[in-house]
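In what follows, chains carry the letters A, B, and so on, assigned in the order in which the sequence lines appear, proteins first and then strands, with residues in each chain numbered from 1.
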Amino acid sequence: MYKILIVDDDIDVVETIKNYLETEGHSVFAADNGKSALEIVAKENPGIVFLDIKMKGIDGLEVLKEIKATDKKTKVIMVSALLDLETRTKAQDMGCDAYIRKPFDLDDVDKALSAKINELISDPSILIVEDEKGQVDNIIDYLKERISAKFSYTLTGEEALEKIKDELYNIMIVDISLPGIDGFKVIKRAHEINPHIDVLITTGYTHNQVINEAVGNGVVDIMSKPLHLPVLEKKIMGFIQRRGFKSS
Amino acid sequence: MQEVRDGFHEVLRHLHRLTISSSALLKIAEKQQYKELHEKEHMEKALEAVAKSCELAKTVADEVDKLRDTVYTQLNIEI
């Protein structure tokens, strides 16, 4: 299942595509203008966007620019009846991932979607922030065998924040007890840099105050130490599927 | 020129809606959900609507073809 956003000012078209993709098992959002589209992107972070170029108000190119500024990995398929060279070049410079020319049918939607899904499947990025190197090695060795993703790690919060500034990570596994900046502060600052990063914390503490504080800081899930790696794998797979990287 | 572009854009916009809706109905037909329509005795109405839509779509296509012929003639483009 993937999170897909359809943006077109022709609401009949949007609804028909939405209904179809929902019957195919996807989670589909619809917008008939650029402003609503950007609100949905900020809230739902869809993996794939079908974006009409010609719209009243904020046009498709403007929306494309904003989406790519928020999350470069969101796949944007531009849609238009008149895709002249100048518009195509502009869209390409702004990071557009594909084009479809109107009129198109639902088979064209399927084809475009499959191509982008294949790209999405290939490269979720996971950052592990954990001060025990042995634990890091165990996690990476275990997950690498089972999940197709790019793994990175740091032993401190400070290093993690530097990495997050330089690279777009989708998932972060953070130990709460870190030397220097603690895990909560790392999560808070990480979300200021990349609001869409999903966070799983690992902790030796299991009482309610820790859990409440963690959830208040934008944490998606919590695991108690010692880590049971098959459970960690399951949770990470859940993140990947929700984000739209893999089919469930 | 911009007016002509906008005009054709509008034509394609309607054709797009027609294409998307027709393909959605085709998808349903492929999934054999028309069987259910038949059982509910709605098949006759569905076929009537399809025939009417087909006629209207043909009329639109004919009109656009006429327009194309006119434009080609005016620009001395061989068809």
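- You'll find the side chain of A:Asp105 stays beyond 4.5 Å of the side chain of B:Ile20, heavy atoms only.
- Within a 6.0 Å radius of CD in A:Glu192, other residues, nucleotides and ligands contribute more than 12 heavy atoms.
- Dense packing is recorded around NZ of A:Lys68, with more than 12 heavy atoms of other residues, nucleotides or ligands lying under 6.0 Å away.
- Other residues, nucleotides and ligands place more than 12 heavy atoms under 6.0 Å from the NZ atom of A:Lys54.
- For A:Phe104, the parts lying under 4.5 angstrom from a heavy atom of chain B are both the backbone and the side chain.
- In this structure, the side chain of A:Thr16 does not engage the main chain of B:Ser21 through any donor-acceptor pair within 3.5 Å.
- Between B:Leu15 and A:Lys102, every side-chain heavy-atom pair lies at or beyond the 4.5 Å cut-off.
- Closest approach of A:Val13 to B:Arg17, counting heavy atoms only: CG2-CA, 3.9 Å.
- Rounded to the nearest 0.5 angstrom, A:Asp8 CG and B:His16 NE2 are separated by 6.0 Å.
- Scanning all heavy atoms of the two residues, the minimum distance from A:Ala81 to B:His9 falls at CB-CD2, 3.8 Å.
- No part of A:Glu15 comes within reach of chain B, as not one of its non-hydrogen atoms sits under 4.5 angstrom from that chain.
- Salt-bridge check for A:Asp52 with B:Arg13: failed, with every basic side-chain N at 4.0 Å or more from each acidic carboxylate O.
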